[in-house]
Every structure is written in C-alpha cells, then in structure tokens.
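My questions all concern the structure below.
Along the sequence shown, residues carry numbers from 1.
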Amino acid sequence: MNEAVELARDLIRIDSVGGGEAAVAEPLARRLSAAGFDVREHRYAPGRTGLVARWGPASRSS
C-alpha cells in the first residue's frame, strides 16, 4: 500500500472529535520532524493542538 494512504488511514483512526486534536498532532509532528520539517506545536487548550510545519532554508532561520 502507498505510504501516504497508510498515513491517512492511521490518522483517520485516531479519535480527535470534540477537542482531541492533540492525539493527531503529536504523531504527525514526530513524523514531520523526522522527515526534516521545522515543526511548531501551538497548544491553546487541553487536547487542542495545532501544527505549523515548514520546509526549506527559510524555515531554519525562524
């Protein structure tokens, strides 16, 4: 199976309804970081986390 499809399936299986975004953000942040992205997590309430992932030279200067 395609790696992107596997990732999508894994993320879809995570219960993130009603304020559980952190359950998706945490494994996604690890995967993006491992791939070389500069990842910033923004936690604004318990279980509520957003991600910003940047790629390339400009991301390393911030």
Which heavy atom in Y44 sits nearest to a heavy atom in G50, and how many Å separate them?
CE2-N, 4.3 Å
Of all heavy-atom pairs between A22 and P27, which one has the smallest distance, and what is that distance?
O-CD, 4.4 Å
Going by the rule salt bridge (charged side-chain N to carboxylate O under 4.0 Å, His left out), which residues pair with R13 if we only count those two or more places apart in sequence or in a different chain?
D10
Find the distance between CG (L32) and CG (D38) and round it off to the nearest 0.5 Å.
10.5 Å
Under the salt bridge (charged side-chain N to carboxylate O under 4.0 Å, His left out) definition, can you give me all pairs with a residue in residues 14-25, not counting sequence neighbours?
E21-R48
Which residues pass the side-chain hydrogen bond (donor to acceptor under 3.5 Å, both in side chains) test with E41, sequence neighbours left out?
R43
With the side chain counted from C-beta on, respond yes when L51 and V39 share a heavy-atom pair under 4.5 Å apart, and no when they do not.
yes
List the residues meeting side-chain contact (heavy atoms from CB on, under 4.5 Å) with V24, not counting sequence neighbours, and say none if there are none.
L11, I14, S16
Residue set satisfying salt bridge (charged side-chain N to carboxylate O under 4.0 Å, His left out) with E3, at least two apart, ordered chain then number -> R31
